[in-house]
Amino acid sequence: MESLFLGISVCIGLQFLLLSFFLFYKSSPREKLIGFLSIILAISFLQTAFHEYVLDSFILKLIFAGKKFVLIPPLLYLYINSEIIKPKTIKKHFILPISYIVAFYFLQLVLTPFYLHYRSEFKILNFLLVGCYFIFYLVLGHRELKKELANTLYVDALDKYKKFFYSFNIVEILIVFSLAITLILPHVFTDNYANMYESTVSFFSYFSFIWGVLLLFFFLSESHFFKSRTTRLQIKKSAELLENSNTIETTLHHLIIIEKRYKDPEFDISSAALKIGQNPRLISEYFREVRHTTFNAYLTKLRLNEFKRLSSEHSSIYDIDGLLSLSGFKSRSTFYRAFKKHFGMTPKQYLSK
């Protein structure tokens with residue numbers, strides 16, 4: 001069982017290592033960041049297989065010492081912010097983690113006997129500090145995802161990076177704090193907790209197989225080599241949309257809401273674009289990325305609300321055909337389909353109530 005466990009760890013670690021080459025191939029700054037992240041994860045998975053030989057090999061000490069896991073929080077943060085962050089500010093995010101890594105290199109390579117004597121205490125300290133570091137960058141990233149990135153990225157890209165960023169951080173926070181607690185308990189309470197750390201490590205080791213495979217698939221989807229063959233490379237809203245979004249909002253509001261152009265059955269996205277002097281493609285992008293709907297769906301909702309208003313005031317004067325025409329609907333079948341979808345009943349059932 002142990003050999004199978006080691007084999008799977010090595011397999012996943014080697015795949016992360018191989019994947020890092022794909023991520024560096026024709027890569028953007030975003031892909032380079034996740035490439036470095038892939039290398040750190042490769043080291044993490046491979047460390048299990050080489051654990052017994054680390055103390056006897058200086059090269060293995062260099063590879064696996066230094067607590068490089070502390071690089072993950074800033075890498076995750078910079079990765080999701082790579083479209084908006086300035087290159088000059090990137091370096092400052094690595095001052096603390098590099099200093100941290102150097103300090104542990106000194107402890108593990110120079111003060112080895114001292115480190116081994118207090119190894120459990122250093123592990124607790126490492127887990128607690130790294131956990132707090134993850135929380136710090138989780139808060140920073142959350143602020144960017146809610147504000148700047150929400151206005152900058154396409155909706156589908158924003159949703160994808162939200163899921164990745166939150167899940168990665170939350171999983172790692174749970175792991176490091178759980179390991180810290182199970183190391184602290186034997187010191188505080190009785191020997192009943194002596195084996196809890198080993199049990200926790202075993203549990204998260206098996207969990208890491210599933211987690212590692214999920215991350216592999218995500219990293220593959222982010223590499224230039226695969227992304228160019230499956231999804232669009234552009235994730236940032238066009239400069240034209242970012243520049244004209246407020247203008248489109250204001251002019252469309254006046255045209256559609258104030259002037260009530262939605263009541264005209266012939267009014268569509270082309271006529272709206274002509275009236276406000278914008279490209280129909282840009283208006284369509286605006287509704288999709290800013291309003292999170294479509295132009296037609298927006299008009300349909302307004303027209304349905306207008307039908308409800310008119311039916312409450314003039315149902316004794318007009319029949320359904322007259323009301324739907326006054327509301328801005330051009331087609332009876334379109335109106336019936338939209339009404340049933342939104343209200344769960346036919347217009348006749350609605351009017352009878």
Side-chain angles (χ1 to χ4, degrees), residues 30 80-86 89 139-163 165-166 231-314 318 322-331 334-335 337-339 341-343 347:
R30 169 184 289 274
I80 64 165
N81 283 282
S82 59
E83 295 292 334
I84 61 172
I85 201 162
K86 295 178 181 178
T89 63
V139 173
L140 283 185
H142 173 72
R143 288 168 54 189
E144 296 295 338
L145 285 165
K146 296 292 285 185
K147 296 179 181 178
E148 188 69 22
L149 288 171
N151 297 324
T152 304
L153 301 183
Y154 286 123
V155 173
D156 54 353
L158 181 66
D159 289 341
K160 178 181 180 181
Y161 296 128
K162 271 184 177 180
K163 291 173 184 175
F165 181 75
Y166 289 135
T231 57
R232 63 182 177 188
L233 293 171
Q234 181 65 32
I235 64 169
K236 189 177 180 181
K237 293 175 184 175
S238 65
E240 188 180 10
L241 176 61
L242 293 173
E243 183 180 344
N244 295 291
S245 183
N246 290 334
T247 302
I248 293 172
E249 170 76 29
T250 304
T251 52
L252 280 180
H253 177 78
H254 187 273
L255 181 69
I256 298 174
I257 304 301
I258 305 301
E259 296 184 12
K260 298 186 182 296
R261 291 298 181 94
Y262 64 87
K263 296 173 69 175
D264 179 5
E266 301 298 328
F267 183 76
D268 58 12
I269 193 168
S270 297
S271 54
L274 185 63
K275 285 287 185 182
I276 66 174
Q278 296 287 353
N279 192 308
R281 175 196 56 77
L282 188 62
I283 294 177
S284 178
E285 185 181 0
Y286 163 78
F287 273 94
R288 184 179 68 251
E289 302 298 335
V290 178
R291 291 291 191 92
H292 309 308
T293 185
T294 64
F295 183 83
N296 287 337
Y298 177 68
L299 285 188
T300 298
K301 185 176 181 180
L302 291 174
R303 287 166 175 168
L304 287 172
N305 288 332
E306 182 67 13
F307 176 87
K308 287 176 64 179
R309 187 186 70 81
L310 290 173
S311 64
S312 65
E313 298 175 3
H314 306 295
Y318 299 102
L323 291 171
L324 72 88
S325 180
L326 289 172
S327 302
F329 285 99
K330 190 176 182 179
S331 166
T334 301
F335 165 72
R337 187 166 54 250
F339 196 97
K341 179 181 177 181
H342 279 77
F343 300 115

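All residue numbers in this chain count up from 1 along the given sequence.
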**Gap separating the OH atom of Tyr298 from the CD1 atom of Ile269, nearest 0.5 angstrom** = 12.5 Å

**Prompt:** Leu323 versus Phe329: any side-chain heavy-atom pair under 4.5 Å?
**Reply:** no

**Message:** Would you say that Leu310 contacts Ser327 through its side chain, given a criterion of any heavy-atom pair below 4.5 Å between the two side chains?
**Reply:** yes

**Item:** Criterion salt bridge (charged side-chain N to carboxylate O under 4.0 Å, His left out) on Glu306 and Lys260, from CA distance to verdict
**Value:** CA-CA 10 Å; Glu306 182 67 13; Lys260 298 186 182 296; 5.3 Å; no

**Request:** Please round to the nearest 0.5 Å and tell me the distance separating atom CD of Gln278 and atom OH of Tyr286.
**Result:** 11.5 Å

**Complete:** Interatomic distance, CD1@Ile248 vs CD1@Ile276, rounded to 0.5 Å, equals 6.0 Å

**Item:** Spacing of NZ belonging to Lys301 relative to NE2 belonging to His342, to within rounding of 0.5 Å
**Value:** 7.0 Å

**For Leu255 against Lys275, the heavy-atom pair lying closest together** = CD2-CB, 3.9 Å

**Heavy-atom pair with the smallest gap, counting every atom of Phe165 and His142** = CE2-N, 4.1 Å

**Contact check, side chains of Tyr161 and Leu149, non-hydrogen atoms, under 4.5 Å** = no

**Complete:** In short, Thr300 meets Ala338 closest at the heavy-atom pair CG2-CB, 3.7 Å

**Message:** I need the minimum non-hydrogen distance between Ala272 and Leu252, along with the two atoms involved.
**Reply:** CB-CD2, 4.3 Å

**Request:** Drop me the distance from Thr293's OG1 to Phe287's CZ, to the nearest 0.5 angstrom.
**Result:** 8.0 Å

**Pair Leu326-Lys263, side chain to side chain contact (heavy atoms under 4.5 Å, CB included): steps then yes or no** = CA-CA 6 Å; Leu326 289 172; Lys263 296 173 69 175; 6.0 Å; no

**Prompt:** Looking only at heavy atoms, which two atoms of Ile256 and Leu299 are closest? And how far apart?
**Reply:** CG2-CD2, 4.2 Å

**Prompt:** For the atom pair CD1 (Ile283) and OG (Ser270), what is the distance rounded to the nearest 0.5 Å?
**Reply:** 8.5 Å

**Message:** Please determine whether the number of non-hydrogen atoms from other residues, nucleotides or ligands lying under 6.0 Å from atom CZ of Arg143 exceeds 12.
**Reply:** no

**Exercise: identify the closest heavy-atom pair between Asp264 and Arg303** = O-NH2, 3.1 Å

**Asked** So, Thr251 side chain and Thr247 main chain: donor-acceptor pair closer than 3.5 Å or not?
**Response** yes

**Prompt:** Quick one: ring pair (Phe, Tyr, Trp, His ring centres under 6.0 Å) partners of Phe307, sequence neighbours excluded?
**Reply:** Phe335, Phe339

